[in-house]
Amino acid sequence: MCQRDAIQCIIPPYITEWLARSENAEVRERAEANVAAAAKARLLRARVRTAPSFAAPRAQPQGKHRLVYDAKNTDKLPGVLMRSEGQGPVADPAVNEAFDHAGSTYDFYDAVFKRNSLDGDGMSLVGTVHVAEASGRGHFVPLDNAFWDGTQMAYGDGDGVIFQHFTRSLDVVGHELTHGVQSFTSNLEYEGQSGALNEHFADVFGVLVRQWKNGETAAKADWVIGKEVLVAAPTRRGVRDMANPGKAFTHDPYLGTDPQPSHMSKLYEGQSDNGGVHINSGIPNRAFVLTAQRLGGNAWGAAGRIWYDTMLRLPKRCEFQECAELCVQMAATIGADAVDAVRGAWAEVGVTMKVYA
């Protein structure tokens with residue numbers, strides 16, 4: 001059963017599993033700890049839905065309210081409170097980045113879609129930095145990931161070899177917090193094509209937060225997710241490339257080669273990655289980029305509105321074709337040019353549809 005508190009990470013299992021086979025013992029140890037931790041978390045959340053372990057206070061009944069904690073290099077959440085709404089910056093850059101990026105994500109949803117936080121009713125935005133995982137050797141290693149656990153964000157510090165601290169990337173924070181938005185809207189089941197759509201919508205609004213914050217147009221944006229969390233190397237550009245799925249990293253000595261397809265003819269149909277939730281998200285990701293580029297201007301405008309309205313209406317179990325058809329219906333509320341752009345974009349990635357609004 002897919003539940004509202006299912007763990008959802010920015011670094012997909014196909015990357016972590018590749019790292020677990022690394023010749024570098026330290027990289028391998030961290031990856032093994034991350035694989036074990038993710039498996040344990042998913043198992044626990046599949047068995048029982050638990051309430052949050054703490055009650056986050058609100059500065060006001062409605063409106064932006066952020067809380068950032070420090071796990072102190074353990075796996076204990078939420079940890080020690082370091083900064084809350086109304087307080088100024090602290091000495092720890094990770095705390096400030098988590099605080100500022102959560103604020104930018106809130107501001108984006110509020111300004112563009114008139115949505116008051118993740119639940120639409122002023123939910124507190126809670127995050128924990130310096131999260132670590134227990135290794136098999138009796139000590140903690142920094143988490144090489146960031147995740148939404150159904151109640152809050154958690155950020156690792158990375159290994160310094162492949163990953164840097166995960167609070168550096170605004171689109172990563174926007175991506176993960178959008179999983180929270182989804183849990184209060186479509187709540188897409190996290191497997192197969194519905195799970196790939198879950199990851200897709202998180203990528204879309206994660207990158208739109210960054211584009212909105214930086215004033216990037218659809219034509220000039222690079223559409224790469226998570227480039228700031230990777231240690232720079234010629235073989236890696238980001239975690240995912242929405243415009244060019246399969247090109248985020250190539251023949252990287254640690255990451256391998258990006259497996260994302262860009263067309264339905266290459267759809268992954270295996271059992272790994274919950275049936276390809278991170279892999280197959282490349283197909284709808286490219287459809288969104290094509291739509292935004294065809295409509296021109298700011299991607300958070302017409303294209304973003306179509307995708308947001310679609311996200312609110314999707315059924316929990318949804319395949320790409322059904323999503324595409326609903327996108328066309330939402331585009332019809334804007335005009336014929338929007339319909340043509342959406343229909344053509346989905347067709348270019350191999351998704352045919354029955355509805356021609």
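Counting from 1, the numbers follow the sequence of the chain as shown.
Counted by atom type alone, T235 and H251 present zero donor-acceptor pairs between their side chains at under 3.5 Å. Between the side chains of Q321 and T352, not a single donor N or O lies within less than 3.5 Å of an accepting N or O. With no hydrogens or angles considered, no side-chain donor-acceptor pair links Q329 and E325 at under 3.5 Å.
Counting heavy atoms from C-beta outward, L314 and C323 have side chains that approach closer than 4.5 Å. No side-chain heavy atom of Y155 sits under 4.5 Å from any side-chain heavy atom of T128. Looking at heavy atoms from C-beta onward, D149 lies in side-chain contact with Q152 at the 4.5 angstrom threshold. Two residues are said to be in side-chain contact when any heavy atoms from C-beta on lie closer than 4.5 Å; P261 and L267 fail this criterion. For the pair E322/L326, no side-chain contact is recorded, criterion being any heavy-atom separation below 4.5 Å from C-beta on. Contact annotation: the side chain of M264 never approaches that of V349 to less than 4.5 Å [non-hydrogen atoms, C-beta and beyond]. The shortest distance between side-chain heavy atoms of V277 and Q8 does not fall below 4.5 Å. Within the 4.5 Å cutoff, the side chain of L118 has heavy atoms near those of the L177 side chain.
Interatomic distance, NE2 of H65 versus OG of S84, reported as 6.0 Å (0.5 Å rounding). A distance of 11.5 Å separates OG in S194 from CD in E199, rounded to the nearest 0.5 Å. Between the CH2 atom in W300 and the CZ atom in R305 there is a gap of 14.5 Å [rounded to 0.5 Å]. How far CD of Q182 is from CG of N198: 4.0 Å, rounded to the nearest 0.5 Å. Distance check, rounded to the nearest 0.5 Å: CG of L19 to CD of E29 gives 13.5 Å. How far CG of L255 is from OG of S22: 10.0 Å, rounded to the nearest 0.5 Å.
Cluster membership for V80 and F99, using ILVMFWY side-chain heavy atoms within less than 4.5 angstrom, is shared. Follow the hydrophobic side-chain contacts under 4.5 Å out from W18 and you never reach L143; the two are in separate clusters. Each of V224 and V172 belongs to its own hydrophobic cluster when Ile, Leu, Val, Met, Phe, Trp and Tyr are linked at side-chain heavy-atom distances under 4.5 angstrom. Hydrophobic clustering, with ILVMFWY side chains joined whenever heavy atoms are under 4.5 angstrom apart, groups I10 together with Y254. Hydrophobic clustering (ILVMFWY, side-chain heavy atoms < 4.5 Å, transitive): F140 and V131 are in distinct clusters.
Here the closest non-hydrogen pair linking D340 and R343 is OD1-NH2, 3.1 Å. Considering every non-hydrogen atom in both D119 and N116, the closest pair reads OD1-O, 3.8 Å. What you find for A299 and A292 is that their closest heavy atoms are CB-CB, 3.8 Å. Across all non-hydrogen atoms, the minimal contact from V351 to A324 is CG1-CB, 3.8 Å. Across H278 and P13, no two heavy atoms sit closer than the pair ND1-CD, 3.7 Å. Scanning all heavy atoms of the two residues, the minimum distance from D258 to G246 falls at OD2-N, 3.1 Å.
Listed by chain and number, the residues in a salt bridge (charged side-chain N to carboxylate O under 4.0 Å, His left out) with D159 amount to none (sequence neighbours excluded). Under the side-chain hydrogen bond (donor to acceptor under 3.5 Å, both in side chains) criterion, T291 pairs with no residue, sequence neighbours left out. Taking the side-chain contact (heavy atoms from CB on, under 4.5 Å) definition, one finds that V95 meets it with V68, M82, R83, V90, D92, V129, sequence neighbours left out. Every residue was checked against the ring pair (Phe, Tyr, Trp, His ring centres under 6.0 Å) condition with Y109, not counting sequence neighbours, and none meets it. Judged as a side-chain hydrogen bond (donor to acceptor under 3.5 Å, both in side chains), and not counting sequence neighbours, the contacts of D157 are H130. Evaluation of the side-chain contact (heavy atoms from CB on, under 4.5 Å) rule for R168 yields E97, Q164, H165, E228 as partners, not counting sequence neighbours. A search for side-chain hydrogen bond (donor to acceptor under 3.5 Å, both in side chains) contacts involving E319 returns nothing, not counting sequence neighbours. A search for side-chain hydrogen bond (donor to acceptor under 3.5 Å, both in side chains) contacts involving E26 returns R30, not counting sequence neighbours. Residues that satisfy the side-chain contact (heavy atoms from CB on, under 4.5 Å) test with D107, not counting sequence neighbours, are K64, W212. Under the side-chain contact (heavy atoms from CB on, under 4.5 Å) criterion, A331 pairs with I306, A338, V339, V342, sequence neighbours left out.
Without hydrogens or angle criteria, Q211 side chain to T217 main chain gives no donor-acceptor distance under 3.5 Å. Looking only at distances, a side-chain donor or acceptor of E85 sits under 3.5 Å from a matching main-chain atom of R66. The closest donor-acceptor contact from the side chain of Y268 to the backbone of S272 lies under 3.5 Å. No donor-acceptor pair under 3.5 Å is formed between the side chain of S104 and the backbone N or O of H101. Side chain of N285 to main chain of M242: no donor-acceptor pair is present (N/O by atom type, distance under 3.5 Å, no hydrogens or angles). Formation of a donor-acceptor pair under 3.5 Å by the R313 side chain with backbone atoms of D309 is found in this model. Distance alone, capped at 3.5 Å, is enough to place a donor-acceptor pair between the Q193 side chain and the F320 backbone. Side chain of S117 to main chain of M123: a donor-acceptor pair is present (N/O by atom type, distance under 3.5 Å, no hydrogens or angles). Judged by distance alone, the side chain of W223 and the main-chain N or O of A218 form a donor-acceptor pair under 3.5 Å. Here the side chain of D241 pairs a donor or acceptor atom with the backbone of N244 at under 3.5 angstrom.
Applying the salt bridge (Lys or Arg N to Asp or Glu O under 4.0 Å) test to residues at least two apart or on different chains, the pairs with a partner in residues 267-294 are R286-E348, R294-E348. Residue pairs meeting the salt bridge (Lys or Arg N to Asp or Glu O under 4.0 Å) criterion with at least one partner in residues 210-222, sequence neighbours excluded, are D171-R210, R210-E216, R210-D222, D222-K227.
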Salt bridge (Lys or Arg N to Asp or Glu O under 4.0 Å), that's the test. Do D203 and R240 meet it? Break it down for me.
CA-CA 9 Å; D203 274 351; R240 284 183 287 282; 2.8 Å; yes
Salt bridge (Lys or Arg N to Asp or Glu O under 4.0 Å), that's the test. Do R21 and E32 meet it? Break it down for me.
CA-CA 9 Å; R21 300 191 295 269; E32 289 170 350; over 6 Å; no
Should S262 and I283 be marked as a side-chain contact (heavy atoms from CB on, under 4.5 Å) after you check the CA-CA gap, both sets of side-chain angles, and the distance that decides it?
CA-CA 5 Å; S262 59; I283 295 171; 5.9 Å; no
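The aromatic rings of F113 and F205 sit perpendicular, their planes meeting at an angle over 60°, well past the 30° parallel limit.
Ring centroid separation for the pair Y308 and F201 does not come in under the 6.0 Å cut-off. Centroid-to-centroid, the aromatic rings of F288 and W307 come within less than 6.0 Å.
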